[in-house]
4 protein chains.
Amino acid sequence: MRADAVRNRERIVTNAVRLFAERGPDVQMCEIAAAAGLGVGTLYRHFPDRQALALEIGVSALRAMTEFAGAAREREDSAWGELHAIVRHCATLPLALAKSLSELVPEEAGLAELERSVDDLLADLVERAQKEGTLRKDVPPREVVRLVSVVVCRPGARADDYLTVVMLDGLRAD
Amino acid sequence: MRADAVRNRERIVTNAVRLFAERGPDVQMCEIAAAAGLGVGTLYRHFPDRQALALEIGVSALRAMTEFAGAAREREDSAWGELHAIVRHCATLPLALAKSLSELVPEEAGLAELERSVDDLLADLVERAQKEGTLRKDVPPREVVRLVSVVVCRPGARADDYLTVVMLDGLRAD
Amino acid sequence: MRADAVRNRERIVTNAVRLFAERGPDVQMCEIAAAAGLGVGTLYRHFPDRQALALEIGVSALRAMTEFAGAAREREDSAWGELHAIVRHCATLPLALAKSLSELVPEEAGLAELERSVDDLLADLVERAQKEGTLRKDVPPREVVRLVSVVVCRPGARADDYLTVVMLDGLRAD
Amino acid sequence: MRADAVRNRERIVTNAVRLFAERGPDVQMCEIAAAAGLGVGTLYRHFPDRQALALEIGVSALRAMTEFAGAAREREDSAWGELHAIVRHCATLPLALAKSLSELVPEEAGLAELERSVDDLLADLVERAQKEGTLRKDVPPREVVRLVSVVVCRPGARADDYLTVVMLDGLRAD
DNA sequence: CATGAATGAGCGTTCATTCAT
DNA sequence: TATGAATGAACGCTCATTCAT
């Protein structure tokens with residue numbers, strides 16, 4: 001693949017991510033292309049259709065999540081710490097985006113499956129936090145994951161805002 | 001107004017509410033009409049355009065909120081109790097919807113203003129709860145309102161689900 | 001036919017004539033009905049569809065023309081005088097109207113035929129005027145009729161305006 | 001601009017002119033597109049909406065008129081000659097069209113203003129003809145302009161037909 | 001019989017996608 | 001290969017016509 005083709009593809013993805021995040025899933029293809037400083041045709045050369053673009057973005061965001069979670073596990077020395085790190089990181093972007101895009105890709109594409117695997121991973125983390133006694137035990141892990149998702153995926157979420165803090169306080173054991 | 005016209009108007013509103021809630025703000029007009037068992041023309045006779053429909057629904061949802069809040073103040077004997085009642089009620093519907101529709105109506109329509117007045121009302125309630133010592137004081141009232149909105153407006157929210165409970169626990173003083 | 005039904009029919013025709021004349025052939029049915037102080041349903045009871053209404057108006061306007069021409073022949077003592085009278089009368093309304101409506105009715109309805117018979121009548125009149133020496137002879141009668149139609153059918157035509165006068169001067173022999 | 005895009009734009013304009021002239025201002029957009037051998041989308045790429053198309057056509061027709069009038073002034077050696085030339089030219093097309101389109105564009109677009117400026121130009125020409133003694137003086141210039149417009153704008157007008165001749169004879173001094 | 005609410009085909013317009021340049 | 005012009009299916013909305021009240 002030629003160097004400039006690679007650069008173009010990256011520009012498309014970067015700008016698509018930004019626009020999808022800023023303005024929701026209805027952004028027009030030609031606007032994404034324009035934001036990347038390219039013609040629509042070039043966009044379509046890289047992604048056969050709108051779904052493919054959404055899929056690519058969703059998948060890479062979720063993969064990034066998985067990787068980040070793995071790294072956090074190495075770095076942090078408590079499940080609660082991992083959770084904090086992840087929440088802080090998510091608020092920077094990717095999970096919210098992936099959710100907002102999932103309405104654009106069909107079931108078969110497997111994005112939902114990937115989402116589920118990220119949820120599994122988080123549920124597992126929550127369970128560990130419950131076991132280590134830092135997270136309240138009266139809420140099923142899945143539900144904690146949903147709560148975290150909701151709070152973290154709201155548009156404009158930031159790691160240190162009151163909402164996140166209150167949520168974490170609500171989750172802490174005791 | 002003829003009896004059946006009234007019934008039809010109600011059917012339109014009911015179905016529009018349901019569809020907007022279930023599938024977001026992009027539902028097609030003719031689908032709403034079909035869901036109500038009517039032709040598009042009928043829908044347009046009752047609501048001159050898509051905005052008008054969204055506005056009607058948004059406004060009536062917010063008005064219902066205001067009324068409910070007033071009634072709750074009579075009925076409950078603590079601000080915390082009022083908040084519980086409202087959260088429980090919201091989860092049944094209206095606030096979430098109004099927010100999701102606000103992107104469909106132009107600024108001048110005044111929906112945003114109405115939203116703000118509901119937020120004021122809630123912020124006031126939160127402040128009272130803080131004064132009576134039932135709600136933690138380290139979060140500004142406005143932020144509490146945002147949190148409540150986010151949790152309550154997520155699609156599929158229910159009064160008694162874990163998310164709501166955790167959020168309320170996170171808000172309780174101490 | 002009941003007395004009020006007759007009155008309604010008349011009101012419809014009167015108002016339709018006025019609206020077609022004032023605003024061209026695109027007026028909406030329900031506007032005509034409203035102008036007549038009636039519901040659309042009533043309009044459709046009297047005229048099965050838009051064409052039927054147009055036809056009725058066109059036909060009666062042309063018949064009125066024919067009658068007027070006949071009366072003028074009795075009354076006036078020169079073909080030139082008849083022509084003057086007719087031009088003056090036309091400018092009050094009917095011919096223009098009939099022409100503007102003819103695009104609304106299908107060929108088979110026979111409006112065109114009626115129009116042709118009125119044109120014949122006028123052509124005959126012109127020929128007589130040429131024979132009596134009051135109207136220039138170098139223009140074929142049919143062409144004179146077309147000229148008169150154009151001038152008289154322009155919206156806002158009046159019997160005594162400059163256009164009519166110039167035309168008549170242009171037609172006078174010598 | 002690409003060569004074929006230019007060609008397409010021209011094809012659209014040409015066909016729109018023809019269709020508006022032949023069938024009045026109600027022609028459908030997709031018919032214009034089809035007549036040009038193009039899809040609707042292409043039409044809309046060149047002209048954002050129906051008004052824009054009408055405006056373009058109207059404006060360019062009127063500009064052509066102005067230019068032609070200027071050229072005629074150079075070429076002809078009497079105001080009467082200029083009038084003849086213009087009438088002959090108009091009958092080929094543009095003025096009629098512009099008038100019929102003016103109902104499609106909103107007041108602000110300025111088409112009416114342009115029309116007025118063309119009328120001014122003609123009125124001036126008429127006045128000069130009156131001064132040089134070739135055109136009857138008992139009709140105000142504005143009225144002459146109206147007459148010329150009516151006669152020349154009738155659908156199917158031709159420079160050498162009897163109507164035009166009679167009109168000019170009616171206008172000649174004495 | 002009068003009414004005006006309901007209907008739905010049809011037009012103007014948008015935008016994802018294709019393809020000539 | 002990159003471009004952006006061309007395409008046409010699909011959506012919002014209108015209005016002639018029908019039919020329940």
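Just so it is clear: chains get the letters A, B, ... in the order the sequence lines come, proteins before strands, and each one is counted from 1. This is a predicted model, so every value here is computed, not measured.
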Inset, instruction - Scan C:D4 against the nucleic acid and name what it touches under 4.0 Å (heavy atoms): base, sugar-phosphate only, or nothing. - result: nothing

Legend entry - Touch class at under 4.0 angstrom, heavy-atom based, for B:H46 against every strand present: sugar-phosphate

In whole Å, what is the span from the [atom1] atom of [X] to the [atom2] atom of [N]?
| X | N | atom1 | atom2 | value |
| --- | --- | --- | --- | --- |
| A:R11 | F:dT3 | CZ | P | 9 Å |
| A:F47 | E:dT18 | CZ | C1' | 18 Å |
| B:L53 | F:dG12 | CG | P | 11 Å |
| B:I12 | E:dA5 | CD1 | P | 12 Å |
| B:I32 | F:dC11 | CD1 | C1' | 12 Å |
| D:D49 | F:dC13 | CG | P | 16 Å |
| A:E31 | F:dG4 | CD | C1' | 16 Å |
| D:M29 | E:dT14 | CE | P | 10 Å |

Check the phosphate of [N] against [X], side-chain N and O only, distance under 4.0 Å to OP1 or OP2. Yes or no?
| X | N | result |
| --- | --- | --- |
| B:R45 | E:dG4 | no |
| B:T42 | E:dT7 | yes |
| C:N8 | E:dA2 | yes |
| B:R2 | F:dT21 | no |

Between [options], which nucleotide gets closest to the side-chain atoms of [X]?
| X | options | value |
| --- | --- | --- |
| C:Y44 | F:dT18, F:dA9, F:dT14 | F:dT18 |
| D:A5 | F:dC13, F:dA6, F:dC15 | F:dA6 |
| C:R50 | F:dA5, F:dT17, E:dA6 | F:dT17 |

Inset, instruction - Name the residue closer to the 5' end of DNA chain F, choosing between A:L38 and D:L43 according to the nucleotide with the nearest heavy atom. - result: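 Result: A:L38.
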
Inset, instruction - Hey, which sits more toward the 5' end of DNA chain F by its nearest nucleotide, B:Q28 or D:V40? - result: D:V40

Inset, instruction - Hey, which sits more toward the 5' end of DNA chain E by its nearest nucleotide, C:G41 or D:P48? - result: C:G41

Legend entry - Nearest-nucleotide comparison on DNA chain E, the residue closer to the 5′ end among D:C30 and C:G39: C:G39

Inset, instruction - Work out which heavy atom in C:H46 is nearest to a heavy atom in C:N8; give both atom names and the distance. - result: NE2-CB, 3.9 Å

Legend entry - Shortest non-hydrogen contact from A:N15 toward A:A35: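 Where A:N15 meets A:A35 most closely, the heavy atoms are OD1-O, 3.3 Å.
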
Inset, instruction - Could you tell me which nucleotide pairs with E:dA20 by Watson-Crick or G-U wobble geometry, both distances under 3.5 Å, or answer none if nothing does? - result: F:dT3

Inset, instruction - Sort out the partner of E:dT13 for me: Watson-Crick or G-U wobble, both distances under 3.5 Å, none otherwise. - result: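 With both distances under 3.5 Å, E:dT13 matches F:dA10.
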
Inset, instruction - May I ask you to say whether A:E22 pairs ionically with A:R18, meaning some side-chain N is under 4.0 Å from a carboxylate O? - result: yes

Inset, instruction - Output yes when A:R9 and A:E56 qualify as a salt bridge under the 4.0 Å nitrogen-oxygen rule, no when they do not. - result: yes

Inset, instruction - Might you confirm whether atom CD of C:E31 has over 12 heavy atoms from other residues, nucleotides or ligands at distances under 6.0 Å? - result: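 Correct, the count exceeds 12.
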
Inset, instruction - Please answer whether the main-chain N or O of C:L38 pairs with a side-chain N or O of C:T42 as donor and acceptor at a distance below 3.5 Å. - result: no

